[in-house]
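Written below as structure tokens is the structure these notes are about.
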Amino acid sequence: MSEPTVADTRRLNSKPQDLTDAYGPPSNFLEIDVYDPQTVGVGRNRFTTYEVRMRTNLPIFKMKDNTVRRRYSDFEWLKNELERDSKIVVPPLPGKALKRQLPFRGDEGIFDESFIEERRVGLEQFINRIAGHPLAQNERCLHMFLQDESIDRNYVPGKV
Amino acid sequence: MSFFGFGQSAEVDIVLNDAETRKKVEHKTEDGKKDKYFLFYDGETVSGKVNVTLKNPGKRLEHYGIKIEFIGQIELYYDRGNHHEFVSLVKDLARPGELTNSQSFDFEFTHVEKPYETYTGQNVKLRYFLRATISRRLNDVSKEMDIVVHTLSTYPELNSSIKMEVGIEDCLHIEFEYNKSKYHLKDVIVGKIYFLLVRIKIKHMEIDIIKRETTGTGPSVYHENDTIAKYEIMDGAPVRGESIPIRLFLAGYEMTPTMRDINKKFSVRYYLNLVLIDEEERRYFKQQEITLWRKGDIVRRSMSQQATIASQRFESPSERVQEPAKEKEDSS
């Protein structure tokens, strides 16, 4: 008489983990802060810049701790470059706020403190999402945005 | 023909000889309802009685013949008109004539071949049924009785494990291993995921079982994917050198055996999908096909009933084994 066999559910053998791997720093550290909004210029030619600081230990980024200043249109440029060259679905940017740029507003338009804060948060979310994408990390435009002093709009697009 | 109460009409009923002892199983019909049907295996005899009951006793029933058929057919939902019959047996029960009383007719389809398992899917259905028909001038009277057929297999001789290293260069390297490539429907998938390189921020990992039903041939092939199971195996971020175990019990899920190119009409295949999700909801996955088979339990004797029947099929009646029918239980 055959009895119903009990399935063998023992774990498969695996290599013991090296303790330096287990307790060492993670190899996926990537943090980008967007902060310190500053309005530069006068009158109608004013615009706001933000400090973008990237700290990482990913080998694909040349610099492990770097700070640059960027404005909203720089983020727009990055989004367009990635949409054109990479196969990624690029996350959305915070709004362009064209209505806020019209005259005769009760508040300060695009220089309103709460609006700048909202935009800052949106830009920070955007850059963190895109910088962590393995396919975006291959694009030269992302490295130029994060690590070069200024963006050269005449650069040659390509892969790192 | 029964205008204004004249003429005669009849009811047809099919009753199996072993209706008391034969096991019944649940099967989901096309509209999602679960019904119970008699369970048969390949090679088993289908025998019983066709009961013809006259509605107006005393009146005669004229007919052009009474017969019973055993049919196995494949029906594609997008081509309902064409039924592909792969088994078609018929027994004549009565020649054209008249019935004066309600009557019962015996029938036996001996050691019928039932090569495929009963299947009701998204775009295709494979069924076996008995159909008793009284042929008449204007309209036939018929009754169908569906049965369910299960195909059984035994432990495969070769059942290698699945072991593979996959990843995205410089971002994520894993080695996954599943203990077998062929699992029976009550089996356990035992495996492990070993992380060689983790440069992305993983939030959790799950293993899904996907059923893919493929119908049609050539240019018009339809795939229907259905995620049968989603089972989280890891919550949190792994690091290099970490091994995550997998233990997934298949008995809890409604699945069929793998069916490959059934009568060249359709296939039902199963895949394990390993999915890693990172903090930005990006999904990284690796799909791997597994073979599912149905295991039969033999309760009383070591010689399987199927083997007995198989040997009987090719022997003359006088050589038939003189043993009472053995009980066979399906492990489902």
Side-chain angles (χ1 to χ4, degrees), chain A residues 1-32 55-62 64 82 86-92 122 124-139 142-143 159-160, chain B residues 155 161-163 167-173 175-180 183-184 186-203 237-251 278-282 284 295-304 329 331:
Chain A
M1 168 151 136
S2 65
E3 280 166 8
T5 47
V6 177
D8 185 357
T9 57
R10 286 173 302 170
R11 291 189 183 187
L12 301 181
N13 290 332
S14 50
K15 300 169 249 215
Q17 188 180 24
D18 190 334
L19 286 180
T20 53
D21 284 339
Y23 293 104
S27 0
N28 59 6
F29 179 66
L30 172 68
E31 264 173 39
I32 305 177
R55 279 169 295 177
T56 184
N57 65 1
L58 297 178
I60 195 158
F61 291 109
K62 279 205 211 81
K64 306 302 176 203
L82 289 172
S86 77
K87 300 197 195 88
I88 312 165
V89 173
V90 184
E124 194 172 72
Q125 280 174 359
F126 169 83
I127 193 63
N128 273 290
R129 282 182 77 179
I130 203 66
H133 198 305
L135 292 179
Q137 285 166 5
N138 292 332
E139 297 293 329
L142 180 71
H143 289 259
K159 306 270 187 267
V160 161
Chain B
Y155 282 98
S161 66
I162 301 171
K163 190 167 178 172
I168 301 170
E169 200 164 318
D170 292 333
C171 284
L172 174 68
H173 287 185
E175 184 192 77
F176 69 87
E177 185 178 345
Y178 306 126
N179 62 334
K180 304 181 200 176
Y183 293 93
H184 62 81
K186 308 278 190 219
D187 216 332
V188 188
I189 297 176
V190 172
K192 73 175 205 287
I193 311 294
Y194 179 74
F195 287 91
L196 293 150
L197 179 70
V198 189
R199 292 212 181 107
I200 55 171
K201 296 181 182 179
I202 297 174
K203 197 165 62 165
V239 292
R240 178 173 58 199
E242 215 156 334
S243 234
I244 303 298
I246 298 170
R247 192 179 291 130
L248 179 51
F249 289 82
L250 296 179
D278 75 9
E279 300 221 331
E280 301 297 345
E281 303 297 323
R282 287 180 284 257
Y284 307 77
K295 183 161 80 95
D297 280 337
I298 293 103
V299 178
R300 301 237 185 108
R301 299 287 182 91
S302 57
M303 184 181 182
S304 74
E329 270 184 48
S331 58

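We name chains A, B, ... by the order of the sequence lines, and we start the count at 1 in each one.
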Residues which pass salt bridge (Lys or Arg N to Asp or Glu O under 4.0 Å) with A:K64, listed by chain and number, not counting sequence neighbours
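Residues passing salt bridge (Lys or Arg N to Asp or Glu O under 4.0 Å) with A:K64: none at all.
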B:K201: what forms a salt bridge (Lys or Arg N to Asp or Glu O under 4.0 Å) with it, not counting sequence neighbours?
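By the salt bridge (Lys or Arg N to Asp or Glu O under 4.0 Å) rule, B:K201 matches no residue at all.
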Using only atom types and a distance under 3.5 Å, with no angle test, would you say the side chain of B:E175 pairs donor to acceptor with the backbone of B:I193?
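No.
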Which of B:D187, B:I168, B:I200, B:I202 touches chain A most, by non-hydrogen pairs under 4.5 Å:
B:I200
Top residue by heavy-atom pair count (under 4.5 Å) with chain A, among B:E281, B:E177, B:R282?
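Heavy-atom pair counts peak at B:R282.
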Portion of A:D8 that has a non-hydrogen atom of chain B nearer than 4.5 angstrom:
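Backbone only.
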Applying side-chain contact (heavy atoms from CB on, under 4.5 Å), run through A:L30 and B:R199 and close with a yes or a no.
CA-CA 9 Å; A:L30 172 68; B:R199 292 212 181 107; over 6 Å; no
